[in-house]
Amino acid sequence: TTARAGWAVCYADPSIHNHRRAMAGYVQSSYRAELRAAIHVLQTALDPTLILSDCLAVVNAMATLFAARADPTYNKPSINMLDPKIVDYHLWCWAATFVDAAAPNLFLIQWVPSHRNDEGKEEERAEKLQKGITTEQRIHGNDRADELAKEGAMLHDDISQLIIEADARKEVTRLTQNMMVQIWQH
């Protein structure tokens, strides 16, 4: 099967600014979708904005870009703060262009725990709420962003016929190669 992902931004429920899309490209991952959603916020937010993400790797790398932008003694592009070997470096370069063009401290990013309303997560949810790690509003917002991302994934074109055709070509290739080996052996 072929994974198909979507990404989404949820400002409030409801809000005309909420956004969902199918993930572009061959690589479809939750990491990439979280990064793409954050880039959308960087592209479109005009007011100081707190970005919440349940992907800690995205939160940590984005926080590094924001810190570089906020530091008045750092006079290089913020992307220089990230290792060029970071996953999806090309997307991080894109994110950094928006960070560097924005006013310092326009954006903040924080991690939010995911799936706190899932069955079997009641104790963890209560603990995170009691310790102040998250709030009811953030849990709801993360759930809503996940729902929107699933809707975004559904926007992909149906590729089932392409998969059938690719499998047929693969079988013809296998048969042809086996025939060639038989011919060469005799």
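No experiment lies behind these values; they were computed from the predicted model shown.
- Using a 4.5 Å cut-off on side-chain heavy atoms (C-beta onward), K131 and E127 make contact.
- Atoms CE and CD1, on M81 and I86 in that order, are 12.0 Å from each other to the nearest 0.5 Å.
- Between Y11 and S15, the shortest heavy-atom distance links the atoms CB-OG, 4.1 Å.
- Atom CE of M62 and atom OG of S53 lie 8.5 Å apart (nearest 0.5 Å).
- By the 4.5 Å heavy-atom criterion applied to side chains, L82 and L65 are counted as neighbours.
- Between V58 and W92 the shortest side-chain heavy-atom distance falls below 4.5 Å.
- Here the straight-line distance linking atom CZ of R4 with atom CD of Q28 works out to 4.5 Å at 0.5 Å rounding.
- Closest approach of A70 to N105, counting heavy atoms only: CB-OD1, 3.3 Å.
- At a threshold of 4.5 Å between side-chain heavy atoms, the hydrophobic network of Ile, Leu, Val, Met, Phe, Trp and Tyr places V112 and I133 in two separate groups.
- Taking all atoms of both residues into account, the shortest heavy-atom contact from V99 to F66 is CG2-CE2, 3.6 Å.
- Atom SG of C10 sits about 10.0 Å away from atom CG of L52, to the nearest 0.5 Å.
- Between H40 and W7, the ring planes are tilted. Angles from 30° to 60° get that label.
- Transitive grouping of hydrophobic side chains (ILVMFWY, heavy atoms separated by less than 4.5 Å) keeps L108 and I39 in distinct clusters.
- With I109 as the fixed residue, the side-chain contact (heavy atoms from CB on, under 4.5 Å) test singles out one of T64, N60, T49, V59: V59.
- In terms of heavy atoms, A8 sits closest to A149 at CB-N, 3.4 Å.
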| task | Under the side chain to side chain contact (heavy atoms under 4.5 Å, CB included) rule, what do L106 and L42 come out as? Steps first, then yes or no, please. | result | CA-CA 9 Å; L106 182 65; L42 299 176; over 6 Å; no

| task | Let me see the working for H186 and Q182 under side chain to side chain contact (heavy atoms under 4.5 Å, CB included), right down to the final yes or no. | result | CA-CA 7 Å; H186 296 296; Q182 293 296 321; 3.8 Å; yes

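- Under a cut-off of 6.0 angstrom, the local environment of CD1 in I164 is crowded, with over 12 non-hydrogen atoms contributed by other residues, nucleotides or ligands.
- Counted within 6.0 Å of CD on E171, heavy atoms from surrounding residues, nucleotides or ligands total more than 12; the atom is thus considered enclosed.
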| request: Given side chain to side chain contact (heavy atoms under 4.5 Å, CB included), test L91 with R32 step by step and report yes or no. | output: CA-CA 9 Å; L91 291 177; R32 195 173 192 149; 3.6 Å; yes

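- Note that OG of S30 is 10.5 Å distant from CE of M23, once rounded to the nearest 0.5 Å.
- In this structure, the side chains of E34 and D54 come closer than 4.5 Å at one or more pairs of heavy atoms.
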| task | Please lay out, stage by stage, how R144 and E147 fare under the test salt bridge (charged side-chain N to carboxylate O under 4.0 Å, His left out). | result | CA-CA 5 Å; R144 185 66 183 120; E147 290 169 12; 3.1 Å; yes

| message | As a quick check of understanding, evaluate side chain to side chain contact (heavy atoms under 4.5 Å, CB included) for N18 and V9, giving each step before the final call. | response | CA-CA 5 Å; N18 292 349; V9 173; 5.8 Å; no

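- Residues G6 and A33 come closest through the heavy atom pair O-CB, 3.4 Å.
- In terms of heavy-atom proximity, I79 sits nearest to A96 at CB-CB, 3.7 Å.
- One distance of note links CZ of R138 with CG of L50; it measures 5.5 Å at 0.5 Å rounding.
- The number of heavy-atom neighbours closer than 6.0 Å to CD of E151, taken from other residues, nucleotides and ligands shown, is above 12.
- Linking ILVMFWY residues whenever their side-chain heavy atoms come closer than 4.5 Å, directly or via other members, leaves F98 and Y74 in distinct clusters.
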